Amino acid sequence: MGPGPAGNLFMKRTHHCNELRPAHAGQTVILDGWVHSRRDLGGLLFIDLRDREGRTQTVCDPSNLAPETCDRASRLHSESVVRITGKVRVRPEGTQNSRIATGEVEVMVEAFEVLNEAAILPFSIDDPEVASKVNEELRLQYRYLDLRRPEMARNLKIRSKVAIATRSFMDDQGFLEVETPTLFKSTPEGAREFLVPNRREPGTFYALPQSPQQFKQILMVAGVERYFQLARCYRDEDLRADRQPEFTQVDIEMSFIDREDIYGLIEGLLKRVWKTALDMDIPTPFRRISFHEALNRWGIDKPDTRFGMELVDLTETFRSSSFKVFSGAVASGGVVKAINAKGMAGATQGQIETMTEYAKGFGAKGLAFIKVEGGEWKSPIVKFFTAAEKESLTTTLAIEEGDLILFAADQWLNACEILGKIRLYCADVLKSQGRLVIDPQRFDFLWVVDFPLLSFDKEMNRWYSSHHPFTAPVAEDIPLLKDDPKRVRGQHYDIVVNGVELGGGSIRIHQPDVQKTIFEEILQISPEETRLRFGYMLDAFRYGAPPHGGIALGFDRLCAILCGTTSIRDVIAFPKTAKGTCLMTDSPGPASARQLRDLHLEVKAAPPKA
RNA sequence: GGGGGUGUAGCUCAAUUGGUUAGAGCGCUGCCCUGUCACGGCAGAGGUUACGGGUUCGAGCCCCGCCACUCCCGCCA
């Protein structure tokens, strides 16, 4: 054995595991890392050493190494941490491995030190095929092992690069990064909040912010002019693949600007991010689509435009049809729309049923469809159609053998949303059958604009803000506010990529009279209540508020898209499960009696069994 | 709160219509092996079929309950 552990005490690694090349041949190096795999040929023994950067093959050759050392090496477990000292050499002819970057060389082990012996692993992490299929429950419990997998390490690296690129870009653009409190106050609107009891005054609570929305507007009044923050946000709502109880936003606000400034800024930011993370040049400016067009053509306010199957309007075709389901819908002010799911005539009973359930979820009675199979239209409703109606369908929907036509006859918004949902379902089915292939390198960015400022709540019989009450109306629509609120467009915008809502924002109201109209006349909130809920903001706006606007991007979703995953859990180091628990730390957990007493809290529900 | 999916060896999965002692690959243990890189060969250990009930002569499989993970709806201004 070479230099003992004592001799190595202050010797650090000389290279990382993705660094050595033929040019290093002859050098004595020290590598630190994890035992990725071990191949014991009886005499020769290969140990692949892995660190964050990559892998290097090391070789124990019994002809120039003490038997005792070889013996110790042969008993190394996977994932033990070792420090290896040895001499770099070019691999013998024919034994190079072109699949790893260091595959032309190897390190002849002279000595090694076990820094930490790994126990037998709960799951293997050296085979990406197997590891990627391991139950997520186990991966989350042993997250530190999961994160060692090259794929997860890559995701962490991309996330870091994107965060740094964002800060660098925003700095270049003259923005200040300002931190805002995470101990905030409870606000009645919006998502359910996490509450933090206040020890100093019994019965009072902080709330964790759903977003820094109010602080960033106050910062504009404070004269910051250009603010951004990678802000942690908290929402106590049920989880999804793309929603965690705590998540990160790229939060941005600017003064003295209009919508175009935001579009240009975000296009520049995303250009920089895509270049940094994927070395891709994305074309700008992005396409802009009105809310109305998005619903009308794709049936959703965040359209995935990477494939067709667009909605077609058939209202005029069926206005006076003898098929009362269609003509009746038109007569009561609705529309008839359809999509052509090309190649889905073979849809199973179960698939048709799933789609029918979607339609029923929107209040429809059923789902009309036509399967074009064997040269004929197979459908329960086609017998009601005239020759002219069939002719019109064939033309407008470009019907061919193998198509599946799906109809919605309802009020415009509902009909659009039904088909929008079904369109996405059909795309999923076709994708799983390999009949719809989307280039993973394709990114369809677009702005959705001209959202309605207000929506009507039928049950409460009143208007409410589609976005939030500080969203400015489009200037030319302000006269409509009192007479025709429905037609007022907000200066709100969403940025969408591949059907994912990446972020949204708006130009805010900075004129007190418009704000007063919105609160008191449109939203019907009393001056007293307005004062209570938004008092400090309205106060701030009295002392010189610049016109301003901003946007927030979902940073986790952004990273997920860049990493090619659909679950943001894959780009968060320590995510929560769908029930909001952490399987590694076993949180949340009960509080001690002492803690509760200090906080003046009494727990009524039985604590979960310890 | 509601609906769907999954749960069998450490991991990934099998197990015919409810029928003998629940199998395979990887991993693990032991032995052999000097150019492997998913090394190879031989042998071996390893199971409360998530958990609790029920039906049955007999349950991994059927029924009821429950737990965990996951996807979706509601929810997320």
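Within every chain, numbering begins at 1; the chains are lettered A, B, ... in the order of the sequence lines, protein sequences first and strands thereafter. Just so you know, these numbers come straight off a predicted model, no measurement behind them.
If you measure from atom CG of Asp146(A) to atom P of U12(B), you get 12 Å, rounded to the nearest angstrom. For the pair Asp494(A) CG and C76(B) P, the interatomic distance rounds to 16 Å; values are reported in whole Å. Atom CD in Gln141(A) sits about 12 Å away from atom C1' in G10(B), given to the nearest Å. Put simply, CG on Leu138(A) is 12 Å from P on C13(B), counting in whole angstrom units. For Leu239(A) and C76(B), the CG to C1' distance is 10 Å, given to the nearest whole Å. Look at CG on Asp71(A): it is 11 Å from P on G30(B), rounded to the nearest Å. The distance from atom CD of Glu237(A) to atom C1' of C73(B) is 14 Å, rounded to the nearest whole Å. One interatomic measurement links the two molecules: OH of Tyr425(A) to P of G3(B), which rounds to 20 Å at whole-angstrom precision.
Within 6.0 Å of the CD atom in Gln433(A), the count of heavy atoms belonging to other residues, nucleotides or ligands exceeds 12. Enclosure of atom NZ in Lys576(A) by more than 12 non-hydrogen atoms of other residues, nucleotides or ligands within 6.0 angstrom is indicated. Within 6.0 Å of the NZ atom in Lys431(A), the count of heavy atoms belonging to other residues, nucleotides or ligands exceeds 12. Residue-environment remark: CZ (Arg52(A)) stays at or below the threshold of 12 foreign heavy atoms within 6.0 Å. Within a 6.0 Å radius of CZ in Arg21(A), other residues, nucleotides and ligands contribute more than 12 heavy atoms.
Backbone-only engagement by Pro122(A) is indicated by non-hydrogen atom pairs under 4.0 Å involving sugar-phosphate atoms exclusively. Nucleic acid contact class of Leu45(A) (heavy atoms, under 4.0 Å, all strands): none. Contact annotation for Lys360(A): no contact, since no heavy-atom pair falls under 4.0 Å across all strands. Within the nucleic acid shown, Thr187(A) has no heavy atom closer than 4.0 Å to any nucleic acid atom. Heavy atoms of Arg243(A) sit under 4.0 angstrom from at least one base atom.
Of the candidates C76(B), G1(B), U29(B), the closest approach to any side-chain atom of His77(A) belongs to U29(B). Between G35(B), C73(B), C11(B), one nucleotide has an atom nearer to the side chain of Val134(A) than all others, and that is C11(B).
Looking at every heavy atom in both residues, Cys17(A) comes nearest to Thr102(A) through O-CG2, 3.5 Å. When every heavy atom of His77(A) is checked against every heavy atom of Val35(A), the shortest pair comes out as O-CB, 3.6 Å.
By the 4.0 Å N-to-carboxylate-O rule, Lys302(A) lies too far from Glu501(A) to be salt-bridged with it. In this structure, Asp126(A) does not pair ionically with Arg38(A), as no charged nitrogen and carboxylate oxygen lie closer than 4.0 Å.
Between C62(B) and G19(B), the two C1' atoms lie 14 Å apart (nearest whole Å). Between U8(B) and A14(B), the two C1' atoms lie 10 Å apart (nearest whole Å). The gap from the P atom of G54(B) to that of U21(B) amounts to 23 Å, rounded to the nearest Å. Nucleotides G52(B) and C66(B), compared at atom C1', are 7 Å apart to the nearest Å. Taking atom C1' on both nucleotides, A68(B) is separated from G25(B) by 27 Å, rounded to a whole Å. Taking atom C1' on both nucleotides, U29(B) is separated from A9(B) by 15 Å, rounded to a whole Å. Distance noted for atom C1' between C26(B) and C67(B): 29 Å (whole Å). With both ends at atom C1', the span from C71(B) to G10(B) equals 27 Å, rounded to whole Å.
Pairing of C37(B), defined by two Watson-Crick or G-U wobble distances under 3.5 Å, is not identified with any nucleotide. For C13(B), the paired base is G23(B) (Watson-Crick or G-U wobble, both distances below 3.5 Å). For C69(B), the paired nucleotide is G5(B), the pair qualifying as Watson-Crick or G-U wobble because both relevant distances are below 3.5 Å.
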Sugar-phosphate or base contact per nucleotide [nucleotides 36-44 of chain B; S, B, -; heavy atom under 4.0 Å]: BBSB-----
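Cation-pi geometry between Arg72(A) and Phe112(A) is met: under 6.0 angstrom from the ring centre, within 45 degrees of the axis.
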Detail all sub-3.5 Å separations between protein N/O atoms and N/O atoms belonging to nucleotides 68-70 of chain B.
residue : atom : partner   : partner atom : Å
A68(B)  : OP2  : Lys579(A) : NZ           : 2.9
A68(B)  : O2'  : Glu137(A) : OE1          : 3.4
A68(B)  : O2'  : Glu137(A) : OE2          : 2.4
C69(B)  : OP1  : Thr577(A) : OG1          : 3.2
C69(B)  : OP1  : Thr581(A) : OG1          : 3.2
C69(B)  : O4'  : Glu137(A) : OE1          : 3.3
U70(B)  : OP2  : Ala578(A) : N            : 2.6
U70(B)  : O3'  : Arg569(A) : NH2          : 3.2

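Although no hydrogens or angles enter the test, the distance criterion places a donor-acceptor pair under 3.5 Å between the side chain of Glu237(A) and the main chain of Arg192(A). Looking at Asp61(A), its side chain does come within 3.5 Å of a backbone N or O of Ser63(A) through a donor-acceptor pair.
Remark: Gln213(A) in residues 205-214 of chain A come within less than 4.0 Å of RNA chain B through at least one heavy atom.
Ring pair Phe215(A)/Phe184(A) is tilted by interplanar angle, where 30° to 60° counts as tilted. Using bins of under 30°, 30° to 60° and over 60° for the plane-to-plane angle, the ring pair Phe451(A)/Phe291(A) lands in the tilted bin.
If Arg235(A) and Asp61(A) are placed on RNA chain B by their nearest nucleotide, the residue sitting closer to the 5' end is Asp61(A). Taking for each of Ala191(A) and Asp242(A) the nucleotide of RNA chain B with the nearest heavy atom, the 5'-most of the two is the partner of Asp242(A).
Between Lys421(A) and C73(B), a side-chain N or O to OP1/OP2 separation shorter than 4.0 Å is present.
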